[in-house]
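Okay, structure first, notes after.
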Amino acid sequence: MHMYKKAGTLACLLPFLAICIFAARPPFLYPALPFDSVPKSTVVSSLQENPTDRVKLLAVDGEYAWYGTKASQGLAAERLKSALEAKGWLFLQQEGSGYFFEKDRKKIVITSQMWTREFVFFKAPNWITYETPISFHVMTPPFSFIADDP
């Protein structure tokens with residue numbers, strides 16, 4: 001009889017423990033990042049703290065800058081378009097996961113990637129980060145500035 005009480009207690013605790021683990025979802029349970037320059041835990045905590053209407057600069061990795069937001073794919077795309085249009089970029093078209101923009105005869109393609117069901121990443125040429133600071137926060141060294149819209 002004593003063994004059945006322990007089994008019953010364990011049966012009650014396991015679902016509770018599983019819910020707690022997946023509700024908090026530690027960073028090691030997220031998929032691999034498409035860039036190596038920032039730890040997964042930093043990206044997750046930054047995007048969790050992110051106000052819902054913002055897109056953040058997460059990392060500059062080689063020739064590309066990676067941005068992220070906590071939103072559905074469609075809402076994230078609208079945020080990206082709005083931020084770039086506010087800086088003078090004209091949205092031309094979307095082809096698959098690529099968003100095409102033009103400004104002063106320069107054309108760029110920014111691609112999107114649904115990282116998880118709640119986070120979307122954008123990959124853009126890194127020169128846009130310095131020429132057109134879009135309302136993004138820079139998170140880790142060597143990037144020590146914050147480029148926010150006023």
Side-chain angles (χ1 to χ4, degrees), residues 11-150:
C12 291
L13 287 177
L14 282 178
F16 177 73
L17 183 61
I19 289 169
C20 289
I21 288 173
F22 287 101
R25 195 166 183 193
F28 69 85
L29 292 177
Y30 285 89
L33 290 170
F35 48 87
D36 297 327
S37 55
V38 179
K40 195 184 313 184
S41 58
T42 305
V43 170
V44 171
S45 65
S46 176
L47 291 174
Q48 290 287 10
E49 296 167 1
N50 192 22
T52 56
D53 62 338
R54 302 287 300 242
V55 176
K56 283 189 171 184
L57 175 61
L58 300 173
V60 176
D61 196 34
E63 296 179 19
Y64 298 100
W66 289 89
Y67 300 92
T69 189
K70 184 176 181 178
S72 66
Q73 186 85 23
L75 182 58
E78 291 306 314
R79 289 179 185 165
L80 175 73
K81 288 187 239 179
S82 295
L84 285 166
E85 287 173 349
K87 297 296 183 177
W89 288 89
L90 174 66
F91 173 69
L92 300 174
Q93 66 184 21
Q94 176 186 354
E95 288 186 24
S97 65
Y99 298 88
F100 294 76
F101 295 89
E102 182 176 21
K103 177 182 177 182
D104 301 329
R105 297 187 183 188
K106 290 182 183 177
K107 291 185 179 181
I108 60 167
V109 179
I110 298 177
T111 57
S112 67
Q113 173 183 341
M114 195 80 189
W115 185 50
T116 68
R117 63 182 159 87
E118 58 186 332
F119 300 124
V120 178
F121 289 161
F122 294 103
K123 180 181 176 183
N126 68 6
W127 57 263
I128 194 171
T129 305
Y130 306 107
E131 280 189 16
T132 309
I134 312 162
S135 57
F136 301 121
H137 296 268
V138 178
M139 295 179 356
T140 59
F143 319 108
S144 58
F145 61 90
I146 295 180
D148 282 337
D149 270 349

Spacing of [X] atom [atom1] and [Y] atom [atom2] [to the nearest 0.5 Å]:
{"X": "Glu102", "Y": "Lys107", "atom1": "CD", "atom2": "NZ", "result": "5.0 Å"}
{"X": "Glu78", "Y": "Glu85", "atom1": "CD", "atom2": "CD", "result": "8.5 Å"}
{"X": "Phe122", "Y": "Tyr99", "atom1": "CZ", "atom2": "OH", "result": "6.0 Å"}
{"X": "Gln94", "Y": "Ser112", "atom1": "CD", "atom2": "OG", "result": "7.0 Å"}
{"X": "Trp115", "Y": "Leu47", "atom1": "CH2", "atom2": "CG", "result": "7.5 Å"}
{"X": "Leu75", "Y": "Thr69", "atom1": "CG", "atom2": "OG1", "result": "7.0 Å"}

Under a 3.5 Å threshold, yes or no: a donor from one side chain and an acceptor from the other, between Ser97 and Gln113?
no
Between [X] (side chain) and [Y] (backbone), is there a donor-acceptor pair under 3.5 Å?
{"X": "Asn126", "Y": "Asp61", "value": "no"}
{"X": "Ser46", "Y": "Thr42", "value": "no"}
{"X": "Lys103", "Y": "Lys87", "value": "yes"}
{"X": "Thr116", "Y": "Glu118", "value": "yes"}

How about Leu90 and Leu84: do any of their side-chain heavy atoms sit closer than 4.5 Å?
no
Find out whether Leu92 and Phe101 are in side-chain contact, i.e. whether some heavy atom of one side chain is under 4.5 Å from a heavy atom of the other.
no
Kindly say whether the aromatic ring centers of Phe100 and Phe91 come within a distance under 6.0 Å.
no
Yes or no on side-chain contact (heavy atoms from CB on, under 4.5 Å) for Leu58 and Val38, after CA distance, side-chain angles and deciding distance?
CA-CA 8 Å; Leu58 300 173; Val38 179; 5.7 Å; no
How close do Val120 and Ala71 get, heavy atom to heavy atom, and via which atoms?
CG2-O, 3.4 Å
For Gly68 and Phe121, work out which heavy atoms get closest and say how close.
CA-CD2, 4.0 Å
Does Gln93 CD have over 12 foreign heavy atoms under 6.0 Å away?
yes
Can you list the steps and then say if Trp89 with Ile108 is a side-chain contact (heavy atoms from CB on, under 4.5 Å)?
CA-CA 9 Å; Trp89 288 89; Ile108 60 167; 3.9 Å; yes
Do the numbers put Lys123 on top of the ring of Tyr64, so that NZ or CZ is under 6.0 Å from the six-membered ring centre and no more than 45° off the axis?
yes
Does NZ or CZ of Lys56 come closer than 6.0 Å to the centre of the six-membered ring of Trp66, within 45° of the ring's axis?
no
Leu80 and Tyr67: side-chain contact (heavy atoms from CB on, under 4.5 Å), yes or no, with the steps?
CA-CA 9 Å; Leu80 175 73; Tyr67 300 92; 5.8 Å; no
